[in-house]
S.K.: 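Structure provided below as structure tokens; questions to follow.
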Amino acid sequence: MTVLVAAAVLAVSGATIAAAQDSDTGRPGGQGRTTRATVGKYWGEDIKVGAGQYGLARADCPAGMVSTGGGGAEGGASQNGGDPFVIASYGGPSNWFVGVKNTDSVARDVNAFVVCMTP
């Protein structure tokens, strides 16, 4: 699959991020402890976009996580040099959407991914 959009900086599954220092104590987490946030990349289901058609792929964060970015990918071989191309890529509080237009002469698979973290 060719990655169409990579809008996520924190796309490494299973990574952790240390919380910012507390402004009063100068210690991480304000309690002398480091708080860790779990970060993960999650793929949505493939959608089939017909020749010359528009499609919208979606990926969702697991419960309790929020989206920080995302993107999409397309699969299959081009039949006429046309490929699905991204016309929109945007997120909600816990999901990511990728809109595409398929310029190929055959149906193509497209999917979205979302990068999520614990708040």
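Throughout, residue positions are numbered sequentially from 1 according to the sequence presented.
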S.K.: Atom OH of Y90 and atom OG of S67: how far apart are they, to the nearest 0.5 Å?
M.R.: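 Y90 OH to S67 OG: 12.0 Å, rounded to 0.5 Å.
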S.K.: State, with a plain yes or no, whether a side-chain heavy atom of F85 is found less than 4.5 Å away from one of T103.
M.R.: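 Contact flag for F85/T103 side chains = yes.
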S.K.: Any side-chain heavy atom of W96 within less than 4.5 Å of one from C61?
M.R.: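 No; the side chains remain at least 4.5 Å from each other.
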S.K.: V66 and M117: side chain to side chain contact (heavy atoms under 4.5 Å, CB included), yes or no, with the steps?
M.R.: CA-CA 6 Å; V66 297; M117 67 179 283; 4.2 Å; yes
S.K.: Which pair of heavy atoms, one from G40 and one from M65, lies closest together, and at what distance?
M.R.: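 Shortest heavy-atom contact: N-CE, 4.4 Å.
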S.K.: Could you tell me whether the side chain of K101 and the main chain of G52 form a donor-acceptor pair under 3.5 Å?
M.R.: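 Yes, the answer is positive, given that a donor and an acceptor are paired below the 3.5 Å cut-off.
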S.K.: What I want to find out is whether K48 reaches D46 closely enough, with some N-O distance under 4.0 Å, to be called a salt bridge.
M.R.: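 D46 and K48: not salt-bridged.
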S.K.: Say whether, by atom type as modelled, one donor and one acceptor occur between the side chain of N95 and the main chain of A59 under 3.5 angstrom.
M.R.: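 The answer is no, because no donor-acceptor pair under 3.5 Å joins these two groups.
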S.K.: Quick check: closest heavy atoms across A88 and V86, and the distance to 0.1 Å?
M.R.: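 Scanning both residues completely, I find the closest heavy atoms to be O-CG1, 3.4 Å.
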S.K.: If I take atom CG from residue D104 and atom CD from residue Q53, how far apart are they, to the nearest 0.5 angstrom?
M.R.: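 The CG atom of D104 sits 13.0 Å away from the CD atom of Q53.
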S.K.: For the side-chain contact (heavy atoms from CB on, under 4.5 Å) test, which of V100, V49, I87, N102 pairs with Y54?
M.R.: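 It is I87; the other options fail the test.
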S.K.: Would you indicate whether the side-chain heavy atoms of P62 and Y42 approach each other to under 4.5 Å?
M.R.: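 Yes, close enough: below the 4.5 Å cut-off.
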S.K.: Kindly indicate whether the side chain of V115, heavy atoms from C-beta on, has any atom under 4.5 Å from the side chain of V39.
M.R.: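 Yes, at least one pair of side-chain atoms sits under 4.5 Å.
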S.K.: Working to the nearest 0.5 angstrom, can you tell me the gap between N111 CG and R58 CZ?
M.R.: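 The CZ atom of R58 is 14.5 Å from CG of N111, to the nearest 0.5 Å.
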S.K.: Among the clusters formed by ILVMFWY side chains lying less than 4.5 Å apart, do F97 and V110 turn up in the same one?
M.R.: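 Hydrophobic grouping puts F97 apart from V110.
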